[in-house]
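Read the structure below first, then the notes.
This is a predicted model, so every value here is computed, not measured. Reckoned from all heavy atoms, side chains included, excluding hydrogens, waters and symmetry mates. The sequence lines fix the lettering, A, B, ..., with proteins before strands; numbering per chain opens at 1.
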Number of protein chains: 2
Amino acid sequence: MAAESPGIAFLLSQLGAHAATQFGARVEELGLTPPLVGVLRMISAQPGLSQQQLAGELGLLPSKVVAFVDDLERRGLVTRTRGTRDRRVQHLTLTTEGTELLGEAIEAGAQHEDAFCQALAPDERAQLKALLERLARSHELAPGVHPGYRWIR
Amino acid sequence: MAAESPGIAFLLSQLGAHAATQFGARVEELGLTPPLVGVLRMISAQPGLSQQQLAGELGLLPSKVVAFVDDLERRGLVTRTRGTRDRRVQHLTLTTEGTELLGEAIEAGAQHEDAFCQALAPDERAQLKALLERLARSHELAPGVHPGYRWIR
DNA sequence: TATTGTTATACTCTATAACTATA
DNA sequence: TATAGTTATAGAGTATAACAATA
């Protein structure tokens, strides 16, 4: 019998890990990691959101959010503002520098996307993207929210 | 401007992590993890290979291989045999139980594959698989060898 | 002296749970 | 009493380097 060739699920896992590693290498030059880029994106999309909201939407532990925001705030990329009505919450916004750096990260992502798909023609990329989007929707994966890799041992 | 929709690279990473998580949940019922399945598969494909070879081909640390093989040997799935010519090396082979369990893991993988791709018609699956295989080849990813996720922070 | 496998250890990461300040 | 955020800590996981046996 022939050695069974890897299926779609394995190929996705293999390619996905590879893509994530390469993207991580690109944003590392900006002093960022993929999760930090996700945090910046979320704050940019919903300025003023609280740390709890951020934790909920990205599936992060509140204590992890504290560490991330500490880092970003120390570097002048994000500001914390105490709520006026409820002084317990911290509202998060991007500074000008934060917005600029996010822009660079997005640009790095676009370059990464292009380099990663170089082997495919434009119409093939469109075809692949459509299939992946349908697959993602069928699994109810939120657009732009990475499930993380908490399972690896 | 519209919020930029996730590209192929992000979708691969997202779907790949999701697929890996679900596969991990399936083989957990067999007392296995995805890396352990990879170890069993490699020993099955190359009976008698050494721990060094195993570490090299799967990109694992030698000390990690020791831990994996300790586990598998204790459970009677794998046997270590000292080399006769070079008594330093440990040759690895699957026991009958190991072969059977690997069979169950492969069966779980097949069920996982089918469930994961349920949203796509057979011809769409073939199309998707072909595109992913070309992409994997273009990145020189070895068939069946997972790069791991050592980068996440 | 070099190599295979093993063990020990230092390091990082994660998750949990205490703690504070507000409500 | 409950909640947002913070801090502290214990546990797990990882990588590195020391080690024993053999070459």
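- In this structure, Asp70(B) places its CG atom 10 Å from C1' of dG5(C), rounding to the nearest Å.
- Salt bridge present: Arg134(A) and Glu124(B) bring a charged side-chain N and a carboxylate O closer than 4.0 Å.
- Each of Gln22(A), His18(A), His146(A) was evaluated against Ser13(B); a single residue qualifies, His146(A), per the side chain to side chain contact (heavy atoms under 4.5 Å, CB included) test.
- Rounded to whole angstrom, the span from the CG atom of Leu54(B) across to the P atom of dT4(C) amounts to 14 Å.
- Here the nucleotide nearest the side chain of Ser63(B), chosen from dT16(C), dT6(D), dT7(C), is dT7(C).
- One can place NZ of Lys64(A) at 15 Å from C1' of dT6(D), the figure rounded to the nearest angstrom.
- With rounding to the nearest 0.5 angstrom, the CG atom of Leu61(A) is 10.0 Å from the CZ atom of Phe68(A).
- Under a 4.0 Å N-O distance rule, the pair Asp70(B)/Arg75(B) does not qualify as a salt bridge.
- Rounded to whole Å, atom P of dT6(D) lies 14 Å from atom CG of Asp71(A).
- Under 4.0 angstrom from either OP1 or OP2 of dG5(C) there lies at least one side-chain N or O belonging to Gln52(B).
- Within the nucleic acid shown, Val89(A) comes within 4.0 Å of sugar-phosphate atoms alone, with no base atom in reach, counting heavy atoms only.
- Straight-line distance from the CG atom of Leu49(B) to the P atom of dT4(C): 13 Å, rounded to whole Å.
- The CZ atom of Arg87(B) sits 6 Å away from the P atom of dT22(D) (whole-angstrom rounding).
- Both Arg88(A) and Val69(A) sit near DNA chain D, but only Arg88(A) has its closest nucleotide nearer the 5' end.
- As a member of the Ile/Leu/Val/Met/Phe/Trp/Tyr network built from side-chain separations under 4.5 Å, Leu128(A) groups with Ile8(A), Leu11(A), Leu12(A), Leu15(A), Phe116(A), Leu120(A), Leu131(A), Leu132(A), Leu135(A), Leu141(A), Ile8(B), Leu11(B), Leu12(B), Leu15(B), Phe116(B), Leu120(B), Leu128(B), Leu131(B), Leu132(B), Leu135(B), Leu141(B).
- OP1 and OP2 of dT4(C) both lie 4.0 Å or more from every side-chain N or O belonging to Arg80(B).
- Between the P atom of dT4(C) and the CG atom of Leu60(B) lies a distance of 16 Å, rounded to the nearest Å.
- Taking only side-chain nitrogens and oxygens, Gln53(A) never comes nearer than 4.0 Å to OP1 or OP2 of dA4(D).
- If you measure from atom CZ of Arg82(A) to atom P of dG5(D), you get 8 Å, rounded to the nearest angstrom.
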